[in-house]
Novice: 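One structure is given below, represented as structure tokens, and several questions about it will come after.
Bear in mind the structure is a predicted one, so any value in this text is a computation, not a measurement. Numbering of ligands and ligand atoms starts at 1, following listing order. Residue numbers start at 1 and run along the sequence shown.
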Amino acid sequence: MRILLTNDDGINAPGLNVLERIARQLSDDIWICAPSEEQSGAGHSLTLTRPIRVREHAPRRFSVTGTPTDAVTMALKKLMPEPPDLVLSGVNRGANLGDDVTYSGTVAAAIESALAGIPSIALSQVYSKEGMADMVPFDVAEDWGRKVLQPLIDAPFAPRTLVNVNFPAVKSSQVKGIRVVRQGFHDYSRGSVVEGTDPRGYKYFWFGLHGIEHTAGHDSDLEAISDGYISVTPLQLDLTHEASLANLRERFA
Ligand code: MN
């Protein structure tokens with residue numbers, strides 16, 4: 001089984017090393033292509049206005065000066081002689097839950113390979129709070145990774161779908177299990193805009209991530225994670241809201 005690994009935190013991200021150790025339990029045929037710099041929040045962006053540079057760090061290990069989507073595109077269309085059987089994106093530093101998945105470079109990288117018809121899984125390690133990014137409990141992902149991935153690999157992937165996995169911020173031994181749940185949603189739009197003044201006296205703004213309110217919907221990824229479970233959520237790329245089709249058609253009839 002040939003597996004392509006990527007990560008939106010960049011080629012040097014600790015979570016990518018974690019993912020490589022998980023993947024090597026499944027196969028020896030591992031390829032890596034990730035952005036050269038952190039690209040968290042890049043979503044499904046594609047670089048169209050600048051050239052992409054590729055660096056080969058070692059055999060089958062590349063970085064690209066671009067987004068997670070660029071990295072997967074380069075791997076699939078240029079760097080790999082044959083397509084992978086599986087694409088794993090992560091393990092992201094931080095949650096990708098609820099409606100945040102559209103911001104996620106981690107999920108978007110898996111979307112890109114899902115569009116190419118390749119089974120694709122995004123993996124993220126939740127950590128307890130902002131400011132603790134150096135103490136992400138990646139051992140949870142590492143200890144549970146294979147247990148989560150094996151049944152997913154054995155299952156058939158429906159076309160234009162992918163799987164989003166999040167590991168909870170608890171001790172590995174305290175993980176209660178694995179739940180297959182739907183995508184949840186936050187009560188309010190994301191975060192706050194923090195205003196400050198730079199050393200030269202000019203105003204700047206920084207999007208803050210903390211204080212996202214949510215009431216975890218039943219059977220959602222948010223609820224599973226807050227209950228101490230690993231969440232497994234199948235996502236689809238078709239964003240059409242079926243229930244609104246008839247209503248809107250009536251208005252244009
Ligand atoms: Mn990230």
Novice: Specify whether an N/O/S atom of N7 falls short of 2.8 Å from the Mn ion (ligand 1).
Specialist: no
Novice: Can you tell me if D29 and S27 form a side-chain donor-acceptor pair at under 3.5 Å?
Specialist: no
Novice: Applying the side-chain hydrogen bond (donor to acceptor under 3.5 Å, both in side chains) test to T106, which of N92, D9, N164 qualifies?
Specialist: N92
Novice: Does any N, O or S atom in S104 come within less than 2.8 Å of the Mn ion (ligand 1)?
Specialist: no
Novice: Check all N, O or S atoms of D8 and name the one closest to the Mn ion (ligand 1).
Specialist: OD1
Novice: Is a donor from one side chain sitting under 3.5 angstrom from an acceptor on the other, for S63 and S36?
Specialist: no
Novice: Given OD1 of N92 on one side and OG of S40 on the other, what angle do they make at the Mn ion (ligand 1), to 10°?
Specialist: 170°
Novice: Which of these passes side chain to side chain contact (heavy atoms under 4.5 Å, CB included) with P84: I3, V72, L76?
Specialist: L76
Novice: I'd like the atom name of the N/O/S atom in D9 lying closest to the Mn ion (ligand 1).
Specialist: OD1
Novice: If every non-hydrogen atom of S124 is compared with every non-hydrogen atom of G94, which pair is closest and at what distance?
Specialist: CB-O, 3.2 Å
